[in-house]
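What follows is a set of notes on a single structure, which appears directly below.
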Amino acid sequence: MPLFSHRSSSPIPSFYSSSKPLKPSRPISTLSSTRAPLPLIVFSLLCLLIGLSGTLFAISAIRRRQPLPVFRCGKSEDTFRAFYSSSVSGKLADDNNEGLVDRPKFLGFVGIQTGFESGDRRDALRSTWFPSDPDGLLRLEQATGLSFRFVIGKSKDVKKMAKLEKEIEKYRDFMLIDVEEEYHRLPYKTLAFFKAASRLFEADYYVKADDDIYLRPDRLATLLAKERSHSLTYIGCMKKGPVITDPKLKWYEKSGHLIGNEYFLHAYGPIYVLSAEVVASLAAARNNSLRMFNNEDVTIGSWMLAMNVHHEDNRAICDPRCTPTSIAVWDIPKCSGLCNPASRLKDLHKIGMCSKSPTLPPDDR
């Protein structure tokens with residue numbers, strides 16, 4: 001017979017007995033009603049609504065177009081990279097990261113200095129050597145290793161700023177810098193340009209160019225790719241000349257007494273190149289620690305003297321006509337840039353020697 005039985009009438013073994021009588025167990029009570037309390041129902045419905053809302057929000061967030069990134073350094077902005085999202089232009093990424101990189105690496109960064117009254121020049125450039133759409137600008141970067149932007153400051157004129165915003169929306173080819181756009185403050189704009197460019201772009205060289213020259217990007221890339229023994233390099237069409245002390249003349253130099261009768265060696269203003277180490281030193285300079293002369297090219301030249309740079313004179317970037325070796329063409333010395341640039345740019349582009357001649361071999365200058 002088994003030790004335990006499932007029948008309740010079976011006697012309990014003696015070793016399970018106790019001297020204390022067992023208390024009868026309390027009967028399990030059942031709910032008097034199967035209906036749930038009202039607060040519990042309300043709470044459950046509220047949780048359900050919150051869950052559904054969260055699900056719908058997550059779905060809409062995934063499907064919603066992500067806001068475009070804005071690439072800024074302080075109040076300076078690169079509108080071209082801000083236009084491209086990572087899904088559109090992964091080509092701007094480096095090998096280890098997807099999407100747009102914060103500070104892309106180039107052989108050179110070229111800032112085309114422009115102003116609010118120069119819309120016709122920009123239109124002419126976009127119809128010649130400067131690409132007129134973001135995809136074309138990207139292809140030029142990939143082909144040459146150079147990045148190009150129009151560089152402009154700000155204005156207190158609301159209408160001017162509104163017009164600029166429309167142009168930015170259409171072309172996306174600007175670098176906006178935090179400086180007042182005024183002709184007599186060009187040295188300040190130039191310094192602000194180099195500071196912003198060095199923080200937004202990593203480049204071996206930084207090129208300041210005006211919007212009234214005809215440029216060959218492929219030949220400029222060949223020039224910058226040349227090996228140099230000097231890390232501090234200043235490339236341009238070098239000149240000297242008498243200091244203008246007559247206030248009635250265009251190139252009047254207010255601080256001419258500090259210079260003397262003749263200017264020191266410096267590059268013409270329409271285009272010149274600074275190496276990365278030179279620009280890094282300028283970018284690190286404290287505000288108001290650098291002397292500003294009236295003329296921008298003279299101002300830059302004075303800084304280069306103080307920094308012990310190597311002056312590289314290259315006449316191919318100031319050629320008065322298109323030649324097999326010309327890199328930048330402008331009407332030197334008649335005009336600082338091209339005379340009547342809006343029309344001259346288009347005329348030069350029709351000349352095969354300007355727009356279609358072969359790129360220079362690496363050893364040529």
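In this text, all values refer to a predicted model and were calculated from it rather than measured experimentally.
In this structure, R126 and D133 have side chains that are not in contact, with every pair of non-hydrogen atoms separated by 4.5 Å or more. Side-chain contact between L223 and E312 is present, with heavy atoms from C-beta onward closer than 4.5 Å. With a 4.5 Å cut-off on side-chain heavy atoms, R149 and L137 count as touching. Taking 4.5 Å as the limit, some side-chain heavy atom of L282 sits within range of a side-chain heavy atom of L290. Under the 4.5 Å side-chain criterion, counting only non-hydrogen atoms from C-beta, D210 is not in contact with I271. No side-chain heavy atom of W330 sits less than 4.5 Å from a side-chain heavy atom of C335. Side-chain contact between L176 and K154: absent, with no pair of heavy atoms (C-beta onward) separated by less than 4.5 Å. Residues V298 and Y263 form a side-chain contact, since some pair of their non-hydrogen atoms from C-beta on lies under 4.5 Å apart.
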Q.
Before you tell me yes or no, could you show the steps for L186 and Q113 under side chain to side chain contact (heavy atoms under 4.5 Å, CB included), namely the whole-Å CA-CA distance, both residues' side-chain angles and the distance that decides it to 0.1 Å?
A. CA-CA 10 Å; L186 284 181; Q113 311 297 306; over 6 Å; no
Q: Give the C-alpha distance, both sets of side-chain angles, the deciding distance and a yes or no for side chain to side chain contact (heavy atoms under 4.5 Å, CB included) between W303 and V278.
A: CA-CA 10 Å; W303 299 344; V278 175; over 6 Å; no
Q: May I have the step-by-step check of side chain to side chain contact (heavy atoms under 4.5 Å, CB included) for S302 and F264, ending in yes or no?
A: CA-CA 8 Å; S302 68; F264 37 79; 3.6 Å; yes
Q: Would you check, one step at a time, whether the test side chain to side chain donor-acceptor pair (under 3.5 Å) holds for D218 with T359?
A: CA-CA 6 Å; D218 53 344; T359 302; 2.5 Å; yes
Q: Could you walk me through whether T190 and T299 pass side chain to side chain contact (heavy atoms under 4.5 Å, CB included), step by step?
A: CA-CA 10 Å; T190 303; T299 302; over 6 Å; no
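When the side-chain contact (heavy atoms from CB on, under 4.5 Å) test is applied to K163, no partner is found at least two apart in sequence or on another chain. Contacts of E165 classified as side-chain hydrogen bond (donor to acceptor under 3.5 Å, both in side chains), with partners at least two apart in sequence or in another chain: none. Under the rule for a ring pair (Phe, Tyr, Trp, His ring centres under 6.0 Å), the partners of F174 that lie at least two apart in sequence or sit in another chain are F150. By the side-chain hydrogen bond (donor to acceptor under 3.5 Å, both in side chains) test, E181 pairs with K189, sequence neighbours left out. Partners of E169 according to the side-chain hydrogen bond (donor to acceptor under 3.5 Å, both in side chains) rule, which considers only residues two or more places apart in sequence or in another chain, are R172. Every side-chain hydrogen bond (donor to acceptor under 3.5 Å, both in side chains) that R219 has, sequence neighbours left out, goes to S357.
In this structure, the side chain of Y206 engages the main chain of F201 through a donor-acceptor pair within 3.5 Å. In this structure, the side chain of E253 engages the main chain of N294 through a donor-acceptor pair within 3.5 Å. The closest donor-acceptor contact from the side chain of D313 to the backbone of M238 lies under 3.5 Å. Remark: side-chain polar atoms of S275 are paired, donor with acceptor, to backbone N or O of S231 under 3.5 angstrom.
Closest approach of N314 and I317 over heavy atoms only: O-CG1, 3.2 Å. Closest non-hydrogen pair, G260 versus V243, comes out as O-CG2, 3.3 Å. Among all heavy-atom pairs drawn from A283 and S198, the shortest one is CB-OG, 3.5 Å. Nearest heavy-atom pair, M175 versus A196, reported as atom, atom and distance to 0.1 Å: CE-CB, 4.2 Å.
The cluster map of Ile, Leu, Val, Met, Phe, Trp and Tyr, joined by side-chain heavy atoms under 4.5 Å apart, puts L305 and L232 in different clusters. Cluster annotation: L107 and V207 are assigned to the same hydrophobic cluster (Ile/Leu/Val/Met/Phe/Trp/Tyr, side-chain heavy-atom contacts under 4.5 Å, transitive). Placement of V273 and L140 within a single hydrophobic cluster is found when ILVMFWY residues are connected by side-chain heavy-atom separations under 4.5 Å, directly or transitively. Note: the hydrophobic cluster containing L249 also contains Y183 (ILVMFWY, side chain heavy atoms under 4.5 Å, direct or indirect links). Residues Y268 and W251 are members of separate hydrophobic clusters, defined by side-chain heavy-atom contacts under 4.5 angstrom among Ile, Leu, Val, Met, Phe, Trp and Tyr.
For residues 140-217, there are no disulfide bond (SG atoms under 2.5 Å apart) pairs, not counting sequence neighbours. Listed by first and then second residue, the disulfide bond (SG atoms under 2.5 Å apart) pairs involving residues 185-237 are C237-C318 (not counting sequence neighbours). Applying the salt bridge (charged side-chain N to carboxylate O under 4.0 Å, His left out) test to pairs two or more places apart or on separate chains, none has a residue in residues 300-311. For residues 326-339, the pairs satisfying salt bridge (charged side-chain N to carboxylate O under 4.0 Å, His left out) are D331-R344, with sequence neighbours left out. Listed by first then second residue, pairs satisfying salt bridge (charged side-chain N to carboxylate O under 4.0 Å, His left out) with a partner in residues 288-304 read K208-E296, K239-D297, not counting sequence neighbours.
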Listing, residues 345-356 side-chain donor-acceptor contacts under 3.5 Å, not counting sequence neighbours, or none:
unit_1 : atom_1 : unit_2 : atom_2 : d
H349   : ND1    : Y214   : OH     : 2.7
S355   : OG     : H349   : O      : 3.0
S355   : OG     : I351   : O      : 3.3

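Rounding to the nearest 0.5 angstrom, the gap separating the CG atom in L338 from the CD1 atom in I213 is 8.0 Å. Of the inter-residue distances, the one linking T222 atom OG1 with K226 atom NZ reads 12.0 Å to the nearest 0.5 angstrom. Atom OG of residue S147 and atom CD of residue E202 lie 13.0 Å apart, to the nearest 0.5 angstrom. Remark: D212 CG to D120 CG distance equals 10.5 Å, nearest 0.5 Å. Put simply, NZ on K156 and CD on E182 are 7.5 Å apart, with the number rounded to the nearest 0.5 Å. Rounding to the nearest 0.5 Å places NZ of K240 at 5.5 Å from CD of E262.
If you check the side chains of R122 and T114, you find a donor sitting under 3.5 Å from an acceptor.
Counting heavy atoms of neighbouring residues, nucleotides and ligands inside a 6.0 Å radius, atom CG of N288 does not exceed 12 of them. No more than 12 heavy atoms of other residues, nucleotides or ligands shown are found within 6.0 angstrom of CG on N340.
Remark: of the listed residues F106, Y171, W129, W129 is the sole one forming a ring-ring contact (aromatic ring centres under 6.0 Å, His included) with F148. None of L274, L224, V279 except one satisfies the side-chain contact (heavy atoms from CB on, under 4.5 Å) rule with Y205; the exception is L224.
The aromatic rings of Y272 and F194 sit tilted relative to each other, their planes meeting at an angle between 30° and 60°.
Remark: E167 does not engage K160 in a salt bridge, criterion side-chain N to carboxylate O under 4.0 Å.
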